[in-house]
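Keep in mind it's a predicted model, so treat the numbers as computed, not measured.
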Amino acid sequence: MKILALAVFFLTSVNTVVAQNESLLLDEDFITDARQAIDSVYNLNYDASLDILSPWMQAYPDNPAWIFWPALEVWWKILPDLENTDYDDKLFGLLDDARDASNEKLKNNRDIDALIISSLSYGFTARHLTNRGSWYQSLRQARMGMNYFKELEQLVPDLVDIQFGLGLMKYFMAYFTEQYPVIRPFAWMLPKGDKEEGLERMGIASRESIFLIPETTFFLGHIYLHYERDFPQAIDYLEELTHRYPNNGYYHRLLIRSHFRNGNFTTAMTLSEAVLSQWENKNKVADRALKEELYMLRGRILNIRRENDTALDEFIAGFKVGENLHPAGGRRNFLTSSYYLGEIYLNKGEYNTSQYFLELVAASNLDFEYVDKAKKLLRRAF
């Protein structure tokens, strides 16, 4: 859950008050390698991260971090295409295993690494349950994670990276209780939120944390794009990520989406053309989801410019990509392209083709603006 996503690795600075021999994750030599491994994960090269960490895995085989680490690979299969639920069971299973292994170690002592991995496991579980609309279960998981998080805060009070977790919690607790009435009866389960304080704490982490700078940068970009709607600020953070992780198409998608929403149409077209060229021969699900959105956004821009013949080509390309992605007919970018195809064909007088696309959109059970628009256009035109 975004309230408690403590990021890829909840590690620490070298100024910790805990002795190094008490925790592998606080060891300075490990931190050096872990930085590189985390960068590899963010650049979508999971195998490289395993190569970097392999000596540590062999030397410390009982550390619960190794049970948690594979969840990161699965997470980066889910995040670029949240509408696909194929990996959900695997992710939840890995997080459960990591949490159980950590909790087993915590039966005997307050193991720092086990506390870290338990916090992460509960946090990621809560975060993804939110993606799936399971609010109550998400809050329960977040509350459990907060118990471990508070204990870590007592044991490692100088941990700069804690500001990210605190900031994320403060911001989203305030946001969700304001925006979603369904959550308010359960708000007692988590501390009181404060959006301004949350952004301030995350800003500190984005500048000063050791391991969480990339994750904090992502969340700040994500928040300013989707929640604060401060698109220039979102662009600043997302540009930093695309430069640092050029192989991560998800960051490119968010950057281009930010330019589109800010009305920077020329920039969005230029960037999308470059990204589509770079990803031309890539065909993983995440790569196809990237293309699905970029073709749709290019079509939207050309449609706004009234270049409808060219827009038609872009929407058709987005439609063709989206129809081969799961769930068929239930994807927002696919439905958006389909709606505009229906609208453009209607204006061209090609009524049968228009009706086909509009009825495809109208048949969707998704709670989505273009489904309602398609139904209204069908009633008016046919």
Side-chain angles (χ1 to χ4, degrees), residues 1-8 42 79-80 82 123 127 130-131 160-181 183 187 190-209 212-246 248-272 274-275 289-290 293-294 296-298 300-301 303-305 332-333 336 368-370:
M1 183 182 184
K2 298 177 182 68
I3 298 172
L4 201 79
L6 300 184
V8 175
Y42 276 89
L79 188 59
L82 281 173
R127 176 180 178 184
T130 300
N131 292 331
V160 178
D161 302 56
I162 284 177
Q163 297 302 319
F164 172 57
L166 287 170
L168 208 60
M169 177 197 68
K170 287 283 185 180
Y171 180 87
F172 279 109
M173 196 62 237
Y175 179 85
F176 284 124
T177 52
E178 288 175 7
Q179 297 293 321
Y180 299 101
I183 291 181
L190 290 171
K192 184 178 179 181
D194 185 317
K195 288 196 291 186
E196 185 175 345
E197 180 185 348
L199 291 172
E200 182 178 350
R201 287 180 181 273
M202 281 187 280
I204 293 171
S206 73
R207 297 186 298 271
E208 300 178 19
S209 67
L212 300 184
I213 287 177
E215 185 70 0
T216 308
T217 303
F218 160 68
F219 264 98
L220 285 168
H222 171 71
I223 286 168
Y224 281 112
L225 171 59
H226 295 113
Y227 300 101
E228 295 296 299
R229 301 183 68 80
D230 183 342
F231 305 127
Q233 186 71 71
I235 288 167
D236 287 344
Y237 287 116
L238 293 167
E239 280 183 339
E240 181 180 341
L241 288 171
T242 57
H243 289 314
R244 185 167 181 172
Y245 306 109
N248 192 321
Y250 183 61
Y251 293 150
H252 288 279
R253 280 174 65 185
L254 294 183
L255 176 60
I256 294 167
R257 190 187 301 170
S258 299
H259 279 295
F260 172 78
R261 293 187 180 179
N262 199 47
N264 304 338
F265 295 149
T266 300
T267 301
M269 290 294 284
T270 300
L271 289 175
S272 62
V275 171
L290 163 74
E293 177 165 353
L294 295 191
M296 182 275 292
L297 289 176
R298 289 172 63 84
R300 291 283 313 279
I301 292 169
N303 181 257
I304 291 169
R305 292 175 172 174
R332 285 171 171 78
N333 291 325
T336 303
F368 185 44
E369 61 176 314
Y370 284 102

- side chain to side chain contact (heavy atoms under 4.5 Å, CB included) between Leu241 and Tyr42, worked out: CA-CA 9 Å; Leu241 288 171; Tyr42 276 89; 5.9 Å; no

- Task: Nearest 0.5 Å please: distance from the CG atom of Asn248 over to the CG atom of Leu290.
- Result: 10.0 Å

- Query: For Arg305, does the CZ atom have more than 12 heavy-atom neighbours from other residues, nucleotides or ligands under 6.0 Å away?
  - Reply: yes

- Query: So do the side chains of Phe164 and Ser209 get within less than 4.5 Å of each other, counting heavy atoms only?
  - Reply: no

- Message: Strictly below 4.0 Å, N to O, side chains only: are Glu178 and Lys195 in salt-bridge contact?
- Response: yes

- Message: Taking salt bridge (Lys or Arg N to Asp or Glu O under 4.0 Å) as the definition, give me every residue that meets it alongside Arg332, ordered by chain and number, with sequence neighbours left out.
- Response: Glu83

- Message: Give me the atom names and distance for the closest heavy-atom approach of Thr217 to Tyr237.
- Response: CG2-O, 3.4 Å

- Message: side chain to side chain contact (heavy atoms under 4.5 Å, CB included), that's the test. Do Leu271 and Leu294 meet it? Break it down for me.
- Response: CA-CA 10 Å; Leu271 289 175; Leu294 295 191; over 6 Å; no

- Message: If we ignore hydrogens and angles and just use 3.5 Å, is the side chain of Arg253 paired with the main-chain N or O of Pro80 as donor and acceptor?
- Response: yes

- Measure the CG-CG distance between Asn131 and Leu82 for me, rounded to the nearest 0.5 Å. 5.0 Å

- Message: Check this for me: does any side-chain nitrogen of one of Glu197 and Arg201 sit under 4.0 Å from a carboxylate oxygen of the other?
- Response: yes

- Query: What distance separates His259 NE2 from Leu297 CG, expressed to the nearest 0.5 Å?
  - Reply: 12.0 Å

- Separation between CE of Met296 and CG of Asn333, rounded to the nearest 0.5 Å: 4.0 Å

- Message: Which residue is it: Leu220, Leu255, Leu254? I am looking for the one with a side-chain contact (heavy atoms from CB on, under 4.5 Å) to Leu225.
- Response: Leu254

- With side chains defined as the heavy atoms from C-beta onward, is the minimum distance between Glu239 and Arg244 less than 4.5 Å? no

- Note on the structure: For Ile256 and Ala268, the nearest pair of non-hydrogen atoms, with its separation, is CG2-O, 4.0 Å

- Item | With sequence neighbours excluded, residues passing ring pair (Phe, Tyr, Trp, His ring centres under 6.0 Å) with His252 | Trp279

- Would you please indicate yes or no on a ring centroid separation below 6.0 angstrom for His222 and Tyr227? yes

- According to the interplanar angle, ranging from 0 to 90°, do the rings of Phe219 and Phe172 count as parallel (below 30°), tilted (30 to 60°) or perpendicular (above 60°)? perpendicular

- Message: Before we go on, tell me: are the rings of Phe260 and Phe231 under 6.0 Å apart, centre to centre?
- Response: no

- Item | Phe218 and Tyr250, any side-chain heavy atoms less than 4.5 Å apart | yes

- Would you tell me whether Tyr251 and Glu240 have side-chain atoms, one donor and one acceptor, within less than 3.5 Å of each other? no

- Query: Which heavy atom in Lys170 sits nearest to a heavy atom in Gly198, and how many Å separate them?
  - Reply: CB-CA, 3.8 Å

- Does some side-chain heavy atom of Met202 sit less than 4.5 Å from a side-chain heavy atom of Gln163? no

- Measuring from Leu238:CG to Gln233:CD, what's the distance to the nearest 0.5 Å? 10.5 Å

- Item | Any Ile235 side-chain heavy atom under 4.5 Å of Asn264 side chain | yes

- Task: Kindly compute the distance separating CZ (Arg300) from CZ (Phe265), expressed to the nearest 0.5 Å.
- Result: 8.0 Å

- Gly221 and Ala234: which non-hydrogen atoms are nearest, and at how many Å? O-CB, 3.6 Å

